[in-house]
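Single-structure report; data block below.
Because the structure is a prediction, the values reported are computed rather than measured. FYI, side chains are in, hydrogens and waters are out, and symmetry mates aren't considered; it's all heavy atoms of this structure.
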Amino acid sequence: MAMETKHDATEEAAAKEVVVSVVAAERKEVGDEPAPDAQKSPKKPALEAALAAEAAEEAGEEKAKTDGKAAAVLKTVSFNEENNVAAEIEDPEKKALDELKQLVKAALTNNEFSPPTPPGPVAAAAVTAEEVVSKPEETKAAEESAASAVEEPPKAVAEELTPPAKEEEAEVPAPADEKVVPVDDDGAKTVEAIEETVIPFASGPHVEAEAPATETSKPEKEDEKAASAAPRSPPEEVFIWGVPLLRDERSDTILLKFLRARDFKVKEAMTMLKNAVLWRKEFGIEALLEEDLGIPEMEKVVFMHGIDKESHPVCYNVYGEFQNKDLYAAAFADEEKRKRFLRWRIQYLEKGIRNSLDFKPGGVSTMVQVTDLKNSIGLAKKELRQALDLLQDNYPEFAAKQVFINVPWWYLAFNRMISPFFTQRTKSKFVFAGPSKSAETLFKYIAPEHVPVQFGGLSKENHSEFSNADAVTEITIKPSVKQAVEIPVTEPCLLVWELRVLGCDVTYGAEFVPRAKDGYTVIVQKARKLVATDEPLVKDSFKIGEAGKVILTVDNTSKKKKLLYRYKTKSSTDSV
């Protein structure tokens, strides 16, 4: 018993970690602020009422009360996706989009979406100069050598340019205000003295005063001219999810994602966009798409399957698969495997976005995320948290809805704590369902023919008879009711059907009743009990030689059930 309690506590903490991490990521993405009444004692959320209703139903409480609370849930979780047609959005949003476009245009012109270049030759020259300055003895020796070399030319120039002085004039003492040239102890002029001696002679009547300055500044001016005359680098071309920024109408959808992620704060959206582009270049997204990472077993953990009722592709996250020690080791045993898993996860998402989403105005540019909390190890593992951090920072507004299934009973209390801290927009994206309501909740958003068998639907990979295009009919069977389903047949054919009863614990049978009054009823399937350990899908067929009908019967002796079925006719010569 103690071991069971410990296991439940571990599973509870793990599942809580999943919910906290994903919800926190959504809050960080949209920049939610706590609701004004967050500090007050909040009313019981409708979501809690739904889960409470589920518990009440399982305990056998009144059906009317349960149905009323369940209806309240539907109203709470409804969510209208924001418009991605730029011409149809509200004026403040349109203004923010135009401002962001201007910022992006300027950034493209100035190549601001490229990482900073490493230090070049100029920086190296600066380092060399610093090294020279740091050697005072060598510098002093160089100065003394330069002084001795420069001392003579001024003297020669003076003799050439100065007219011969008369003997008596040579004996005239120097004026009182004339500067005396300082000398060192050995009689040599200092460097400062040489400079003062050269300048007056250079500015004489026969020498152009600007000559020395011109010689030293000429290369600099030539460099400036060359720099101004050199052609400017063309604006860089930036792609994100295969869409070129500002090049076509799909760019508006991309920019609106970043704006919505930052509550239409233009500068913050621009910063997020720039960081995302730089990260994509650093991570090497384009090259990553071509890599063969060789982790097919990970497709049990994360996989795309079907679409919802509004044509959004659906991505399933089944972290409980990591309870398989071999699978967990394959992903996280060492640093190399952890890096490979992260690259695989990013690669899988990138391919899903490019293959499944349409960024054209009015197109489907978001997906539904379904997270199964059954046996989940949670995101307590830092490897999974790292992947989530990258997704929330660099893939904004890609979730049309987040559906959590197999949510534990304790979430009622947890939801009471976190619910007041999120805006209605954020809360409307999240849906939670306990184990007994998971399939039914999924069917509100995803048709059963698109829901995988392991989650209560009828969709199977490589199905021999049916596909996602074959619609499924849903029927709710009340307690103590024998439900009959009639399939009319007008000509000879091979009739194929499949059905599923969620919750099982029913009796199933099938028979053929001919249209002719003198015909005989044929038992196709004797009544048999369907239990949870059976194959979830019941598949049958019957070759029909005359007009009539096939009647499927499901006898429900306990609480209400959900019946799913579909059928098709084939040529009577075909085989099953």
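- Here K274 pairs with E112 under the side-chain hydrogen bond (donor to acceptor under 3.5 Å, both in side chains) rule; sequence neighbours left out.
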### Task
Show your reasoning for whether side chain to side chain contact (heavy atoms under 4.5 Å, CB included) applies to T366 and K257.
CA-CA 10 Å; T366 56; K257 286 183 178 294; 3.7 Å; yes
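- For the side chain to side chain donor-acceptor pair (under 3.5 Å) test with Y508, the passing option among T553, D540, D555 is D540; the others fail.
- In this structure, D308 has no salt bridge (charged side-chain N to carboxylate O under 4.0 Å, His left out) partners at least two apart in sequence or on a different chain.
- Of all heavy-atom pairs spanning K570 and E465, the tightest one is NZ-OE1, 3.1 Å.
- Looking only at distances, no side-chain donor or acceptor of N84 sits under 3.5 Å from a matching main-chain atom of F359.
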- Message: Could you walk me through whether V403 and I405 satisfy the side chain to side chain contact (heavy atoms under 4.5 Å, CB included) test, starting with their C-alpha distance in whole Å, then the side-chain angles of each, then the deciding distance to 0.1 Å, before giving a yes or no?
- Response: CA-CA 6 Å; V403 183; I405 58 176; 4.1 Å; yes
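- Atom NZ of K281 has more than 12 heavy atoms from other residues, nucleotides or ligands within 6.0 Å.
- Of the possible polar contacts, one joining the R500 side chain to the V453 backbone as a donor-acceptor pair under 3.5 Å is found.
- Within 6.0 Å of CD in E335 there are more than 12 heavy atoms belonging to other residues, nucleotides or ligands.
- Judged purely by atom type and a 3.5 angstrom limit, D248 uses its side chain to pair as donor or acceptor with the backbone of R250.
- At least one side-chain heavy atom of E299 sits under 4.5 Å from a side-chain heavy atom of W344.
- Two residues are said to be in side-chain contact when any heavy atoms from C-beta on lie closer than 4.5 Å; L327 and M298 meet this criterion.
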| message | Run the side chain to side chain contact (heavy atoms under 4.5 Å, CB included) test on F113 and I240 for me, step by step, so that the C-alpha distance in whole Å, both residues' side-chain angles and the decisive distance to 0.1 Å come before the verdict. | response | CA-CA 11 Å; F113 286 106; I240 184 166; over 6 Å; no
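- At least one donor-acceptor pair closer than 3.5 Å links the side chain of E449 to the backbone N or O of V472.
- With rounding to the nearest 0.5 angstrom, the NE2 atom of H450 is 8.5 Å from the OG atom of S311.
- Closest approach of I307 and P313 over heavy atoms only: CG2-CA, 4.1 Å.
- If you take CD on E290 and CG on L288, they are separated by 9.5 Å, rounding to the nearest 0.5 Å.
- Dense packing is recorded around NZ of K562, with more than 12 heavy atoms of other residues, nucleotides or ligands lying under 6.0 Å away.
- Using a distance-only test at 3.5 Å, with no hydrogens or angles considered, no donor-acceptor pair links the side chain of K561 to the main chain of G503.
- The closest side-chain heavy-atom distance from L391 to I346 is below 4.5 Å.
- Taking both residues in full, the closest heavy atoms of S541 and L494 are given as CB-CD1, 4.4 Å, listed atom of the first, atom of the second, then distance.
- When each of V301, V302, L293 is checked for a side chain to side chain contact (heavy atoms under 4.5 Å, CB included) with R345, only V302 meets the rule.
- The backbone N or O of V370 lies less than 3.5 Å from no partner atom in the side chain of K401, so there is not a single donor-acceptor pair.
- Residues N317 and Q369 have side chains that bring a donor and an acceptor to within less than 3.5 angstrom of each other.
- You'll find the side chain of T507 stays beyond 4.5 Å of the side chain of K482, heavy atoms only.
- Within the model, atoms CD1 of I353 and CG of D358 stand 13.5 Å from one another, a figure rounded to the nearest 0.5 Å.
- In this structure a side-chain-to-backbone donor-acceptor pair under 3.5 Å is present from Y348 to M304.
- K309 places a side-chain N or O within donor-acceptor distance of the main-chain N or O of F443, the cut-off being under 3.5 Å.
- Taking OH of Y328 as the reference point, atom CZ of F322 lies at 8.0 Å (rounded to 0.5 Å).
- A 4.5 Å side-chain heavy-atom check between Y567 and L552 finds every atom pair outside the cut-off.
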Note to self: What verdict does the side chain to side chain contact (heavy atoms under 4.5 Å, CB included) test give for Y565 and L458, after you've listed the backbone C-alpha separation in whole Å, the side-chain angles of each residue and the deciding distance to 0.1 Å?
What the structure shows: CA-CA 9 Å; Y565 74 91; L458 271 66; over 6 Å; no
Taking distance alone, no hydrogens or angles, what donor-acceptor pairs closer than 3.5 Å link side-chain atoms of residues 524-536 to residues at least two apart or in another chain?
residue : atom : partner : partner atom : Å
K529    : NZ   : D505    : OD1          : 3.4
D534    : OD2  : V531    : N            : 3.1

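- Across all non-hydrogen atoms, the minimal contact from K429 to A400 is CG-O, 4.0 Å.
- In this structure, the ring-ring contact (aromatic ring centres under 6.0 Å, His included) partners of Y316, at least two apart in sequence or on a different chain, are F303, F455.
- In this structure, F258 and T271 have side chains that are not in contact, with every pair of non-hydrogen atoms separated by 4.5 Å or more.
- Judged by distance alone, the side chain of N556 and the main-chain N or O of K559 form a donor-acceptor pair under 3.5 Å.
- Taking W241 as the reference, Y395, F398 meet the ring-ring contact (aromatic ring centres under 6.0 Å, His included) condition, with sequence neighbours excluded.
- The salt bridge (charged side-chain N to carboxylate O under 4.0 Å, His left out) test applied to E88 returns no partner, not counting sequence neighbours.
- Nearest heavy-atom pair across K337 and A330 is CD-O, 3.5 Å.
- Judged by a 6.0 Å distance limit and a 45° cone about the ring axis, K568 is positioned over the six-membered ring of F466.
- Residues L245 and S251 are in side-chain contact: their nearest non-hydrogen atoms beyond the backbone lie under 4.5 Å apart.
- Residues A269 and L259 share a closest heavy-atom pair of CB-CD2, 3.8 Å.
- With respect to E498, the side chain to side chain contact (heavy atoms under 4.5 Å, CB included) criterion is satisfied by exactly one of V538, D470, L537, L564: L537.
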